[in-house]
Every structure is written in structure tokens, then in C-alpha cells.
Amino acid sequence: MSATGIGASVKRKEDIRFITGKGHYVDDVNRPGQAYAYFLRSPHAHATIDKIDASAALKSKGVVAVLTGADAVADKVGAHIPGWTVHSKDGSPMKVGSFPALAHGKVLYVGDPVAVVIADTYAEARDAGEKLVVDYGVLKPVVELAAAASPGQPQIHDYASNNTVFNWHVGDKASTDAAFAKAAHVTKLDLVNNRTIPNAMEPRAAVAEYDAGSDVITLHTTSQNPHVARVVLSAFQGVAPEHKLRVVAPDVGGGFGSKIFIYNEETVCAWAAKKIDRSIKWTAERTESFLTDAHGRDHVSHAELALDANGKILGLRVHTIANLGAYPSTFWASVPTYLYGILLSGQYDIAAIYCEVDGVYTNTVSVDAVRGAGRPEATFLIERIVEKAAREIGLDPAEFRRQNFVKSFPHQTPVILAYDVGDYVAALDKALALADYKGIGARKAASAAKGKLRGIGFSAYIEACGLAPSQAVGALGGGVGLWESAEVRVNMVGTVEVLTGCHSHGQGHETTYAQLVSSRLGIPLEIVSNDPAATEKVQMGMGTYGSRSGAVGMSAISKALDKIEAKAKKVAGHVLEASEGDIEFKDGKFTVKGTDKSIDFGSVALNAYTAHKFNGQELEPGLKETAFWDPANFTFPAGVHICELEIDPETGVVTIDRWTAVDDFGKLINPMIVEGQVHGGVVHGVGQALMEAAYYDGDGQLLTASYMDYCMPRADNVPSLKVDTIETPCPSNPLGIKGCGEAGAIASPPAVINAITDALGHEDVTMPATPQIVWRAAQKAATKRAAE
Amino acid sequence: MAMTMTGEATLPAGRPKVWALLNDPAVLKACIPGCESLERTGDNGFAAVAKVRIGPVAATFKGKVELSDIVPEVGYTITGEGEGGIAGFAKGSAKVSLADVEAGTRLHYDVEASVGGKIAQLGSRLIDGVAKSMADKFFASFAEAAGGAVAPAAAPAAEAVAAAAAAPGASAGPQAILTRTSWFRRIWEWFMSLWR
């Protein structure tokens, strides 16, 4: 391994730019004469729009235009066609409709954009927004998830009776019922997976410009997948045909899934820029992010686990109600189904699983993918119930897991997925050693002596990522393929530009992609570039989410590099006057086998373009190759996280004392970046477990719409994390990569709650386990102990 | 978000006078903090405009106020709703009843109110305090209109809260116009501010 090659912890090339304020974000984009957009949003969760009086707003200083849902309908702009169709048990497709880009006739959640004011300055647009008069006919909203599908609730969409989007299921009911019938013990658990808000550091933003000369709209936007945005804006939202629409995502400050989706505001800016023939800029205020970025999680579940007399898991039965919000969104229905139900086997060998999921509409913003997307919900459920089952039958939770782990591969689960490779026991053993599990008894006693309660919690998670084999995606209802494309452009002087559709918004692609290219071509890291905004030079790509930019994106690059090497060998053969088959390529040098005749990569690049040494009719000049990589399977990162914490029973304050993570991500390109992803993911999940909650009151008002009320984890909420790995290379891609971006957020919530429930000695703790909730639970536990 | 508040104020005037004041837009306008206009639009209806600041949200509320269940000199239900533009909305109702007491008239009210939009998003933690402070101001002014002198009613809110906490339900001393929780005052006051 070289100092900069695959496997080296190279410092991130992009960080100098980011930490010195030289990044180039959408809000840094300005166009001459640009106008600004302000969105007037519904203060009601559910209401008819009876009248919009824009007369005063239109007379307001600086106002260029006021557009409403009626204008969007007239121009046929907006549709919100979700990218994935889920079918109900009865075979019927999910119940969805289309919607204009601005609310028309009805508003369905607090924050729903009702009109856009475009003015010379943002302040003027806002002032004019104050003068827009909207008459609402307030309707009763549907807010409480568990009751949303009950008869008698207000109906949000007339085509979705009982507010039900789908009643989906997976697995085999009969065999699962049979497993429960012969069970010696059944563990039951009711769970709420709390709703969270993604909170990317950079809010969403758009700068749309229209060039009347070429009839091209250019949209600079905060997207994780600019190509998908372009397809949706073009084919479904009616903004412009693809060849007349450029979508550019420059530096993007985090997404966590929330910037996958195509939102109304960006659509409206693109549409309006052409309509008024003037560039338009919009940057979300933080509260707009809270209100309108798609939220995550939000499940209510009941789970049952069947065990035989020896503690072997026989079956799992799950019923989940999943909140989907008011409007369809891009991934949406796929998240609580194909990214959730099919993960419910966890790391365990379970013969029978049956899972039902009811997706429901509520008068809240859409719920869609947030870091992990479905897999954290599955992991929370399985890891909580496994922990509870072990406690109920008196088995050590680590041993109970070990006993039930899948131990031979490939392993077909009863819920679609086939795990290709892994070593769950090895990860567990390594984690137990690192966490000094043997010493927990003494540490608990030491805490007890100080009046504190110490607990330890496990999470043995698995995820399916590297999204995803296109045929499988299609068979499961996906509307697109999830391959990735890459282009490797070798310039005349031997420098290299790497282009892919995998947009980087914090993941470090500029570094890891360069590491791959540099080690394959034997050239210095510095002469390889991968500009995130260069995605506009890529014809088509699928974006970054689902931990796919390594496993899928880098596989595409690798495939393109194969082609580069093959072509370069031909060129080298001509230059060195040897047959192509006699050329060897190693450490950046092409050598004629068995001789000292060689030429370096840069000279080959030059010769490829000068084309003096070969017949241009027989060999094309140039050195540029494109590849599309479609994965053969999902990848299956897995690992064991152990959380050890202390509770102050007097205050309910939870202090995480130790965190141990042993993950199997297959081959690592840059261990430092991987460790950073694990840190970020774990803390993201700790946030969900201990402090984060999107709270809508009974009227559908979002009460956690700023950092005054929505608590995010900070550095002092976690100890220094002990992060290690094991490695079983992924067999389905050339680099053996599995992906690591979501793992921490998937693994950590159940580890935290398992540790808290271990410390308290009872299971009734909900997320977020705020001091108040933990204090109440501690009181309850104390009362229960006293009664015994 | 919804809230309720209940409370009483003892006013140094007889019921006929208090009743007349409760029905006098000019008096109400003068007493409602931030009220810019309150105009009768019908027998029992008013149009109101009030400027209110709740934490980071400042808004001009425009709305309508209606009186119902009117029993002269005994009480009425006052219902208001107002749109604060981009700040959101507020609406609510208060049942107001009058009773003779030694010191004059006791005014009792039960308020139900809700707010939405930016006020709920950003100001939800502050609404109680704002409503209370507005209620304090309202009753101080209203007491003055009803007879003036009792105005020490303008006692600092904190004092009233402390008094309420110490002796819940106790009737107000001569120095305090408000006898119960701050809730009721703030609601009332806030509620009144909703009128436009």
C-alpha cells in the first residue's frame, strides 16, 4: 500500500477549501439582476384555500411577480410523482395523486407553500408576502400516527380511504404463525421510532436562470443527485425538456438523505425564472428547513419474537404503521417497505418472518429517507426485541445473539434478501474484547457505589446498501435503475478528471476517488480531480445515498479505469513498437515484457492525443472512457456496537461513558474517512436516541421548528469512540467495498436504549430518552423494585 | 398549539358600568396592548388590528371579533380570530361573566385559544409569558377605565404569579387585579390582541 493509495488514511483534499471558507455553495452563486423568491406558507395543517388576494402584494415595492397554485396548475408545473411504487397485499398499487408545485385548493401541512413572491430583494419579497391575504377554511387535521387510519378521521386525499397509502406485507404468514404455535417463549414489544428532522448544515437553496437565447434553464441547487433532479423536473414536473435543463449541484453542505428529493421550491424557481425571464434566488431560512425538508423515521410498531426452549429464534412477527406525511415524495413509500421489512432478519438465522406495514397519510410534511432510511427502524426493532428476549429467558444478550447469528454464507433470509458474506461472530468477539465486557459487573458496582445506574447495550446491525441492482429495484417497484456511471478523462498532459453521478456533499469523494485512480494508474494524487459540480458534465448518474458512492460509484470508476488501461496499453504498444499483448502496466509504467523498454503513463497520455505513433484509422486518438456499473447484489455492511452509559437516577441525565464499534465494511479505501463516517453516524443515532424529536401538536403545528426546541447532539454528548473493523470483502464489486455512510446511525439508537433499559431494569423507555423520560422510568423502576 | 387560561379580576365599579365598558370599542381598544383599531362592524361584531411581538416574531394581526351568548350585565362569549400574515394565526374565545362583589364587580373568564404558523414554531415557549404580560396590561388599563384608583393592579406580573402560586384560587387583594394564574391573563390579553 502506498502512502496515498487504496487503504491509506489520506487527508481529505477538499477540507482545505471547506475549512478556509473557499467552498462554493449554491448561496455563493449570484447572477446579474437576479430576483429573490419568498414562499408564503400555510399556518394551518389542513385547510381549504378559499381565496388569495395578491393585489396589495403586487403593488408592494420591488415586487416582480406573485405566483400561486392556480398559475402552477395552468402551466402544468409540479407532480410529485414518487420514484417507487409499492403494492398492497391485495395487489393494488399505493394510493397517490399528483400535485402542483404550489398548493392549490387545499393545504395539507403547516409550511405547505401557497404562493411565491418574487421581488428585487429578499426583504421586499418578504414584505410583500406580509401583504398577501389568504382566506383559509380550516379543517380538522390528521396528526396522530397510530389513529390516522382509523375510521372517522378526516380524509386528507379523496382517493386514499382511511388515509391509507398501502397495506404492504413481506414474508410468509402461515409459516410464521406455525413458528409461533410451537414456540416455548414469545417476547412482545411495542415500539415508537421517533420522527426526526435531517438538519443538514446548509439549508436548501436554488438559483435558477433562464437564457432566452438558447432556451435553456440552469438550476443551481443543493442536490445529492442532480441528474435525478433533472429527470424529475423534466419528465414529471414539466419544467423543461432534459436537453433544455441544466442542473448543477456545487459544494453541498450535507444532505443525510433530505437532498435526494425534488422539492416544490426548487421546481418553482426553475419554472418562474423562465416565466419572468429573470434569474431567481432562494435560500431556505432555518425554520423553512425544519418545516419542509422531508422528515425521517416515525413508526409505531408491535413486534413478537418466538423462541424455542433453547433460546433459538423461530419466528418474528411485526406490524408497523409508518407515517408518510401529506404528500408523496421521491423515495417515500419504499423506505418503510423495501428498505425496512426486508432487513428484519437482522444478523439472525430466523426461519419465518412476517411483517405488515400500513403506510398512512397525515397532515405533516412528507416522511422520506434520512440516513439509513428504513434500516435504522428495522435495526431498532430487531435489536430491541432480541435484547428483551434474552433478558426474559435469562440469557446473556451477547451469547443470545451469538447463538442465533447467521453463520454460513450465502444466507437466504425469509424476507427477500440473500446475504453474501460476513462474519458476525468475529465482529461480536472483537467488540466484546474492546469493550471489556468481562469487566462490566465491576463497573456497574462502582457506579452503584456513587448512586448511579450503569447499563450496557448491544446492537448487532446489518444493512443492505450499495443501492442497488437495477433489475431487483425494478422488480420491487422502483422507477429507475440504480447503476452508476463514471467517466475518466485523461488529459493530454496526463492529469485525470474523474466524473461520476455520485455527488459529494461531505463524503470525501474528491479524496477517495483520487486514491483509486492514483493507485490504479500509478500517478500522484494531486493530478486527479473530482469536482462535485462537474456532475453537470456527466450525462446521467443516480446520485449519492444508500452508501452507494463507494460500492457502486467507485466500481463504475474502476470499470472505466479497466478500459483506460486497455486503451493505454495499445497506445504504449505503438510507442514502444511492441505488440499490445507484450505490454505490462505496473506502478505507472508501461513496459515491454522481459525488456527495459518502458514509457510512463503521462507520456502515453500525450501520445494518445498527438496520435503520431499510430494509425488514427486503426486506433482512435484520445484517452477517455466511460462505464456504467450495475451491481449484482446489495452490499451488506454489518457490525456490533456496544454502548455503555451511566444514569443519574436523581436527574435522569444519561452520560455515555464508552462506545465500541466493530464494523465490517469490506475493503476500506480510506480508513480515516470511514472512521469519520462512523463517528458522524453514531452521533446522529445518539441524537435520535437521546434528544431529537419532531413534535407536531394536535393541531398539526410543528413546535420543534428551530434550534430552540429541536435538540441536536453535540461533541460533549459522546465520549471518544472506540472504532474498529473486521473485513470480509464484498464479492459483488471489484473493490470489495460495502459502504459505511449510514452504519453508525443505523446501529446506535438500539445500543443506547438497550443500555438505558439495562441500567433501569425495565423496558419502558421511549426515544428520545430525554432526562425527563429517563427520570420517570427510573422512578417507575424504583417503585417496582420497592413493591417486590 | 392550543392553550386554556382561566381567571378573575375584581373591578372597582358596578356591573352596569363594567358591562358598558366591555361593550365599548373605544375602551377595549385603549386597553388592548398594541391595538391599533377596533371598529364595530355590526351589532355584535368588530374588526380589529393589533400589533404583537412574541419572542422573535412580530406581527400585525388583522381579524374579526364577535360577541355571542350575550346576557346584558351578566356576561358574553367573545370569539376572535386573526391572521398575522407570515407570522401565522391566532384564534380563541373567552366566556366572560360578571358578578357583584363587595368591592365592585368580579369579572371571570375562561379562555380557549390556539396559535399556528411561525408563532407556534418559534414562539411556543414564549406565548405564556407574552399572554400573561398582555393580560396584566389589559386589566390594569381596564381597571383604570372602570374607576381608576385600583390601578396598583399594574402590579408586576411576577408578583401576581407568586401570589397565585402561594394561594391558588384566593381572591385578589386590593392590590392585585388578577387573582388567578397568569394563564388567564395572558390568554385574555393575548386573545384580545388577536382581534383585529
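Letters go in sequence order (proteins before strands), and every chain restarts at 1.
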*Do other residues, nucleotides or ligands put more than 12 heavy atoms under 6.0 Å from the CE atom of A/Met201?*
no

*Counting only heavy atoms not in A/Tyr707, do more than 12 fall under 6.0 Å of its OH?*
yes

*With a 4.5 angstrom heavy-atom cut-off, could you sort out which part of A/Asp709 is near chain B: side chain, backbone, both or neither?*
both

*asked:* So, applying side chain to side chain contact (heavy atoms under 4.5 Å, CB included) with B/Gln121, which one of A/Val110, A/Thr704, A/Leu703 is it?
replied: A/Val110

*Give me the contact list for residues 38-59 of chain A versus chain B, heavy atoms only, anything under 4.5 Å, ordered by residue number.*
A/Tyr38, A/Leu40, A/Pro43, A/His44

_Which heavy atom of B/Ile86 sits nearest to which heavy atom of A/Arg126, and what is that distance?_
CD1-NH2, 4.0 Å

*Tell me, out of A/Ala705, A/Ser706, A/Gly111, who's got the most heavy-atom pairs with chain B below 4.5 Å.*
A/Ala705

_From A/Glu130 atom CD to B/Thr60 atom OG1, the distance as rounded to the nearest 0.5 Å_ = 6.0 Å

*Count the heavy atoms belonging to other residues, nucleotides or ligands that lie under 6.0 Å from CZ of A/Arg776, then report whether that count exceeds 12.*
no

_So for A/Glu288, is it side chain, backbone, both, or neither that comes closer than 4.5 Å to the heavy atoms of chain B?_
neither

*For residues B/Ala120 and A/Gln701, report the shortest heavy-atom separation together with the two atoms involved.*
CB-OE1, 3.7 Å

*What part of A/Leu291 is in contact with chain B, defined as an atom under 4.5 angstrom from a non-hydrogen atom: side chain, backbone, both or neither?*
side chain

For residues 134-148 of chain A, dump all side-chain donor-acceptor pairs below 3.5 Å to protein atoms at least two apart in sequence or in another chain.
none

